[in-house]
Amino acid sequence: MRKTVLITGASGGIGKELADRFAKGGHNIVLVARSEGKILDLAQEYQKKYGIQATVIAKDVAATGVPQEIFNELQEKGIIIDYLVNNAGFGLCGTFMETDIEQEINMIDVNIKALTVMTKL
């Protein structure tokens, strides 16, 4: 039976590279990212090329309640996650006094809050 991996931030960079590798390795994948178009294209490519099941969830994990929504959607579809790759995240440049507080709070929501809630679920 195939294992299923959920990857956040799967539309580009490290997340896309990991999705490529898991799909090539025969794993079913759940692609989570804000960019629906990008992950829809990837899902179709992986299904065609590797014969795996690829599920797309276009959501921002930093938004309030989204990790729970993702969990609920997967339960409704009967998808069990074997591996979780919490890849979504970003950083800021500049001195603390010069960076925007809203960007810092968003960074905390993505890098810490969403990661913790996704792992707990």
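Separation of atoms OG (Ser11) and CG (Leu40) is listed at 11.5 Å; rounding is to 0.5 Å. Atom CE of residue Met107 and atom OG1 of residue Thr99 lie 7.5 Å apart, to the nearest 0.5 angstrom. Here the straight-line distance linking atom CG of Asn86 with atom CG of Asn111 works out to 10.5 Å at 0.5 Å rounding. Interatomic distance, CG of Leu31 versus CG of Leu42, reported as 6.5 Å (0.5 Å rounding). Interatomic distance, Leu84 CG to Thr119 OG1, rounded to the nearest 0.5 Å: 5.0 Å. In this structure, Gln103 CD and Phe90 CZ are separated by 7.0 Å, a value rounded to the nearest 0.5 Å.
The nearest pair of heavy atoms linking Ala10 to Ala33 is N-CB, 4.0 Å.
In this structure a side-chain-to-backbone donor-acceptor pair under 3.5 Å is present from Thr8 to Ala88. Side chain of Asp82 to main chain of Thr4: a donor-acceptor pair is present (N/O by atom type, distance under 3.5 Å, no hydrogens or angles). Distance alone, capped at 3.5 Å, places no donor-acceptor pair between the Asn87 side chain and the Ile7 backbone.
You'll find the side chain of Lys16 reaches within 4.5 Å of the side chain of Asp20, heavy atoms only. Looking at Ile14 and Val85, their side chains never come closer than 4.5 Å, going by heavy atoms from C-beta outward. Side chains of Ile70 and Leu6 form a contact here, defined as non-hydrogen atoms less than 4.5 Å apart.
Applying the salt bridge (charged side-chain N to carboxylate O under 4.0 Å, His left out) test to Glu36 and every residue at least two apart in sequence or in another chain returns nothing. When the salt bridge (charged side-chain N to carboxylate O under 4.0 Å, His left out) test is applied to Asp109, no partner is found at least two apart in sequence or on another chain. Every residue two or more places apart in sequence or in another chain was checked for a salt bridge (charged side-chain N to carboxylate O under 4.0 Å, His left out) with Lys3, and none qualifies.
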Could you go through His27 and Arg2, starting from their C-alpha distance and side-chain angles, then the distance that decides it, and tell me whether this counts as side chain to side chain contact (heavy atoms under 4.5 Å, CB included)?
CA-CA 6 Å; His27 293 78; Arg2 290 181 193 248; over 6 Å; no
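Counting heavy-atom neighbours within 6.0 Å of Arg21 CZ, excluding the residue itself, gives a total of 12 or less. When the shell of 6.0 Å around CD1 of Ile101 is examined, it contains more than 12 heavy atoms from other residues, nucleotides or ligands. Within 6.0 Å of NZ on Lys59 lie more than 12 heavy atoms contributed by other residues, nucleotides or ligands. Few gaps surround NZ on Lys77; more than 12 heavy atoms of other groups in view lie less than 6.0 Å from it.
Both Leu18 and Tyr83 are part of a single hydrophobic cluster, where members link through side-chain heavy atoms under 4.5 Å apart. Ile52 and Val30 are not part of a single hydrophobic cluster, where members link through side-chain heavy atoms under 4.5 Å apart. Cluster annotation: Ile29 and Val32 are assigned to distinct hydrophobic clusters (Ile/Leu/Val/Met/Phe/Trp/Tyr, side-chain heavy-atom contacts under 4.5 Å, transitive). Linking Ile, Leu, Val, Met, Phe, Trp and Tyr whenever their side-chain heavy atoms come within less than 4.5 Å leaves Leu74 and Val5 in two separate clusters. Residues Met118 and Ile79 share a hydrophobic cluster, clusters being chains of Ile/Leu/Val/Met/Phe/Trp/Tyr side chains in contact below 4.5 Å.
A donor and an acceptor atom, one from each side chain of Asn72 and Gln68, are located under 3.5 Å apart.
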